[in-house]
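See structure below.
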Amino acid sequence: MALLPELDREQTKYNARKILSKYRKYKAYINAPVNPKVTASFGDGAPSATAPAPEYVEQRMINAEKGKVFCKWVDWAINSCRKYHYRELLKIVYCEGYEEDHGYYMDVLMQRLPDRYYNMSSTTYFNWHEAALLDVAERLECQALDR
């Protein structure tokens, strides 16, 4: 009988993916314009679009602040990973905006890593990805225990 509960690896990886997958959305909040330009029409002088309501601007500013805090937290968690290739892999897959398959991620990762990783296999990539998710989950405090 184990004194400490075991880590539920699958649930932990799922929890980490769920948090990391929000990164690009929150990054978009940071860079979004707070008050988009309103254009005027050439008809009767009335604007073709209505000006945003004050709460719209306030909500955009709140979202931008939330985005800054969230992205800073995730960046810290990723940069705190134990191995360099885990950090790079997580940045490529979750932070940099690529919507590709693992083959593309592997190519980008091999360009960033030292030459000894030039002939990385898909198995190595997936093993690193799983290990990186477990590593970052510890910092994101989203580990799940087996019951």
Side-chain angles (χ1 to χ4, degrees), residues 1-39 47-147:
M1 182 174 163
L3 295 175
L4 295 174
E6 293 289 321
L7 183 68
D8 184 349
R9 297 170 67 89
E10 294 305 315
Q11 185 63 40
T12 298
K13 289 185 288 188
Y14 173 78
N15 294 345
R17 267 191 225 102
K18 192 173 166 183
I19 292 170
L20 293 171
S21 65
K22 295 177 185 177
Y23 185 90
R24 287 182 281 226
K25 177 177 90 170
Y26 279 97
K27 191 71 163 181
Y29 289 159
I30 295 170
N31 299 326
V34 173
N35 195 3
K37 183 179 178 182
V38 177
T39 58
S48 60
T50 60
E55 62 270 4
Y56 173 77
V57 174
E58 290 170 8
Q59 189 59 46
R60 299 281 300 251
M61 291 173 65
I62 290 169
N63 286 345
E65 285 304 312
K66 282 182 187 177
K68 287 176 189 175
V69 170
F70 181 83
C71 290
K72 187 175 180 180
W73 176 56
V74 171
D75 288 337
W76 167 81
I78 289 173
N79 289 326
S80 299
C81 284
R82 292 177 183 92
K83 296 187 178 182
Y84 176 73
H85 55 273
Y86 292 174
R87 293 189 295 264
E88 291 302 315
L89 189 144
L90 292 171
K91 287 176 190 174
I92 292 167
V93 174
Y94 296 102
C95 300
E96 294 181 1
Y98 303 121
E99 291 292 336
E100 300 291 333
D101 60 354
H102 80 278
Y104 182 77
Y105 296 147
M106 283 175 49
D107 290 342
V108 174
L109 185 60
M110 284 188 289
Q111 292 173 7
R112 294 188 187 178
L113 296 178
D115 290 338
R116 68 176 184 249
Y117 298 113
Y118 185 69
N119 290 323
M120 182 173 54
S121 67
S122 289
T123 303
T124 302
Y125 168 82
F126 286 114
N127 289 339
W128 284 1
H129 190 229
E130 286 187 20
L133 286 172
L134 292 172
D135 194 13
V136 79
E138 183 179 337
R139 284 143 193 85
L140 296 173
E141 298 179 3
C142 63
Q143 294 174 317
L145 299 178
D146 206 8
R147 304 218 166 166

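Here the structure is a predicted model, which means the values were calculated and not measured.
Between the side chain of Thr12 and the backbone N or O of Ala144 there is at least one donor-acceptor pair closer than 3.5 Å. Formation of a donor-acceptor pair under 3.5 Å by the Arg87 side chain with backbone atoms of Ser80 is not found in this model.
Contact detail for Lys27 and Cys71: the closest heavy-atom pair is N-SG, 3.7 Å. For the pair Leu109 and Glu88, the tightest heavy-atom approach, listed with the atom from each and the gap, is CD1-CB, 3.7 Å. The shortest heavy-atom contact between Val136 and Cys81 is CB-SG, 4.0 Å. Here the closest heavy-atom approach between residue Ile19 and residue Phe70 is recorded as O-CZ, 3.4 Å.
Counting heavy atoms from C-beta outward, Ile92 and Arg112 have side chains that approach closer than 4.5 Å. Two residues are said to be in side-chain contact when any heavy atoms from C-beta on lie closer than 4.5 Å; Trp128 and His85 meet this criterion. Looking only at side-chain heavy atoms (C-beta outward), Leu20 and Leu133 come within less than 4.5 Å of each other. Taking 4.5 Å as the limit, every side-chain heavy atom of Ile78 sits out of range of all side-chain heavy atoms of Tyr86. No side-chain heavy atom of Lys13 sits less than 4.5 Å from a side-chain heavy atom of Lys18.
Summarising the local packing, CZ of Arg17 is surrounded by more than 12 heavy atoms from other residues, nucleotides or ligands at distances under 6.0 Å. Applying the 6.0 Å contact sphere to OH of Tyr14 captures no more than 12 heavy atoms from other residues, nucleotides or ligands.
Atom CD of Glu58 is separated from atom CG of Asn63 by 12.0 Å, given to the nearest 0.5 angstrom. Going from atom CG of Asp135 over to atom NZ of Lys83 covers 9.0 Å, rounded to the nearest 0.5 Å. For the atom pair OH (Tyr29) and CD (Gln59), the distance works out to 8.5 Å, reported to the nearest 0.5 Å. Summarising the geometry, atom CG belonging to Asn127 is positioned 7.5 Å from atom OG belonging to Ser121; distances are rounded to the nearest 0.5 Å.
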Go through the steps to decide whether Glu65 and Arg60 satisfy the test salt bridge (Lys or Arg N to Asp or Glu O under 4.0 Å), and finish with yes or no. CA-CA 9 Å; Glu65 285 304 312; Arg60 299 281 300 251; over 6 Å; no
Checking side-chain contact (heavy atoms from CB on, under 4.5 Å) for the pair Arg24/Cys95: CA distance, chi angles, key distance, verdict? CA-CA 6 Å; Arg24 287 182 281 226; Cys95 300; over 6 Å; no
Starting from the C-alpha separation in whole Å, work towards a yes-or-no answer on side-chain contact (heavy atoms from CB on, under 4.5 Å) for Lys72 and Val69. CA-CA 5 Å; Lys72 187 175 180 180; Val69 170; 5.9 Å; no
Worked check of side-chain contact (heavy atoms from CB on, under 4.5 Å) between Glu138 and Arg82: CA-CA 11 Å; Glu138 183 179 337; Arg82 292 177 183 92; 3.0 Å; yes
Audit row: Tyr26, Lys66, side-chain contact (heavy atoms from CB on, under 4.5 Å) steps and yes/no: CA-CA 7 Å; Tyr26 279 97; Lys66 282 182 187 177; 4.3 Å; yes
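If you check the side chains of Gln11 and Asn15, you find a donor sitting under 3.5 Å from an acceptor. Side chain to side chain, Tyr23 and Asp75 meet the donor-acceptor criterion of an N or O pair below 3.5 Å.
Between Lys91 and Glu96 there is no salt bridge, since no side-chain N of the basic residue sits under 4.0 Å from a carboxylate O of the acidic one.
Note: His129 and Tyr125 have parallel aromatic rings, judged against thresholds of 30 and 60 degrees for the angle between ring planes.
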